[in-house]
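Everything below concerns the one structure shown next.
Each ligand, and each atom within it, is numbered from 1 in the order the structure gives.
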Amino acid sequence: MALIENSLSEENREVRDQAAAFVSDVVEPRAEAIESSNEFPRDVMEAAAEYDLLGILLPEEYGGLDSDFVSYCLAVEQIAQASGAVAESIQGHTFAALPVAQFGTEAQCEQYLEPMIAGEQIGSMLLTEPGAGSSPTELETRAEHRDGGYVLSGEKSFGTNAGVADVHLVVARVDPTPEDSHGVSVLLAPSADDVDGFEFERRDFMGMRGHVTGDSTMDSVTVGEDALLGEVGQGFRIAMGTIDMARTGLAAIGTGIAQAAFDRAADYAGQREQGGQAVGNYQAVQVLVAEMDAKLDSARHLTFNSAASIAAGEGNTRRSSKAKFVASHTAEFVTRNAMQIYGGKGYQKDLPLERYYRDAKILSIIGGTSEIQKTTVAREALGL
Ligand SMILES: Cc1cc2nc3c(=O)[nH]c(=O)nc-3n(C[C@H](O)[C@H](O)[C@H](O)COP(=O)(O)OP(=O)(O)OC[C@H]3O[C@@H](n4cnc5c(N)ncnc54)[C@H](O)[C@@H]3O)c2cc1C
């Protein structure tokens, strides 16, 4: 990885070291317990804050590091090697905090950013709805401006950290709907426990166990005038303004999960003997290892190419979409074949191989499916 390694700043390396320390001190000892209990690891999120990992991209005045996007990707990649669920929870939290930093008033930044960076409050972005997934322009949730506040009504699907979050960024239509910007706005809603009419139902998923995602129903949820983030009609810009970063962050998580699976499989191929020799001596296994290794390198280079361009203020959708779908595919390919190299043991629940495989699957769906990423790349490549 000479190209990536040589391009890192001192600060990038420091953040990566912090993430590595967090992983060995906190995440690794807890990863299996998080998996088996499926409980949201709030204490691990608080610990992430102690290692300065919840405010990597956020302003120093609120306790953040104000570091660049390469630092963020290095950190989540490290964390994903130990726990996809912790990395995904941090990702969901980060992409709820960033819009507040970018569009919030001074009062909103003071109210939310400090506790979010300190891990005292968890954030969640609620964009997707039952009828609006890949086409987020078809949102139906409404926010009625009434009596010096807003009244939210509608249904939101999924939403990483929804339900355990203390602040939800709800993308909704405010009447009268402005002509431009797809007519949506972002409202800050508190924990479902702290306001009437906000119900949350957690869903059970194949992987990323311990992270919390589910369906939110808002039935006349009243929030104050100061809950509006940015301006009325700016919602699409707010929600999609960080999309290149979010997709690249998910690519870094995929790279991390794939790296963990690859390291274990390569180690096992050298140790496990069958027919009088290590299984890694068989050409069929070597073909798997070579393909896994090459795909992993490609995923990491595309991810850090996108991350470095974002850090330089030159991020673009073609790069982030390419990184996302290649890294998602790589994570699935490498984790599946790592299980294959492990043989029957790869299928056992007491080893993390099958967890890596289940965790990897979600990456080709969230933050825009691989089909959407490919359409985006093709459109840009063809100038359509
Ligand atoms: C664990 C988890 C966490 C999530 N976290 C969040 C979150 O934090 N915030 C949030 O708002 N949402 C979140 N989501 C929602 C996620 O982003 C959506 O599930 C995703 O965008 C796909 O939308 P959908 O499920 O409605 O699928 P659909 O849009 O219904 O897609 C179904 C299929 O059709 C294909 N398809 C649809 N439209 C097109 C098209 N135009 N071209 C080609 N193919 C197309 C898709 O690729 C897919 O294969 C999360 C989902 C999960 C499962």
Which is closest to atom 51 (C) of ligand 1 in terms of heavy atoms, Ile366, Val212, Leu127? Ile366
Ion pair check, Glu354 and Arg358, cut-off under 4.0 Å: yes
Which option, His93, Lys361, Glu129, Met125, owns the non-hydrogen atom nearest atom 9 (N) of ligand 1? Met125
By number and element, which atoms of ligand 1 are closer than 4.0 Å to a non-hydrogen atom of Gly367? 17 (O)
Look at ligand 1 and say whether Gly159 reaches it with a heavy atom at a distance under 4.0 Å. yes
Kindly write out the residues that satisfy side chain to side chain contact (heavy atoms under 4.5 Å, CB included) with Asn12, not counting sequence neighbours, or none if the list is empty. Leu8, Ser9, Asp68, Val70, Ser71, Leu74
Heavy atoms only: which of Thr213, Thr160, Thr376, Leu363 is nearest to atom 5 (N) of ligand 1? Thr160
Does any N/O atom on Ser134 come nearer than 3.5 Å to any N/O atom on ligand 1? yes
Do protein heavy atoms approach atom 26 (O) of ligand 1 to less than 4.0 Å? yes
Between Tyr268 and Tyr342, what is the ring plane arrangement, given parallel below 30°, perpendicular above 60°, and tilted in between? parallel
Nearest non-hydrogen protein atom to atom 14 (N) of ligand 1, with distance, is Phe158 CB, 3.4 Å
Compare all side-chain heavy atoms of Ser185 with those of Leu229 and state whether any distance is below 4.5 angstrom. no
Atom CD of residue position Gln277 - does it have more than 12 heavy atoms of other residues, nucleotides or ligands inside 6.0 Å? yes
Across all chains, not counting sequence neighbours, the side chain to side chain donor-acceptor pair (under 3.5 Å) partners of His145 are Glu225
Got a salt bridge between Arg16 and Glu14, using NZ or NE/NH1/NH2 to carboxylate O under 4.0 Å? no
Look at atom 21 (O) of ligand 1 and find which of Val171, Ile365, Ile372 reaches it with the closest heavy atom. Ile365
For atom 1 (C) of ligand 1, the option (of His168, Met208, His211) bearing the nearest heavy atom: His211
Closest non-hydrogen protein atom to atom 12 (N) of ligand 1, residue and atom name please, with distance? Thr128 OG1, 2.7 Å
Quick one: do the Ser364 and Glu332 side chains pair a donor with an acceptor below 3.5 Å? yes
Give yes or no for whether the N/O distance cutoff of 3.5 Å, strictly under, is met between Glu88 and ligand 1. no
Atoms of ligand 1 close to Thr369 [distance to a heavy atom under 4.0 angstrom, numbered from 1]: 22 (C), 46 (C), 47 (O)
Could you state the interatomic distance from CD (Glu114) to OH (Tyr62), rounded to the nearest 0.5 Å? 8.5 Å
Right, does atom 35 (C) of ligand 1 have protein non-hydrogen atoms nearer than 4.0 Å? no
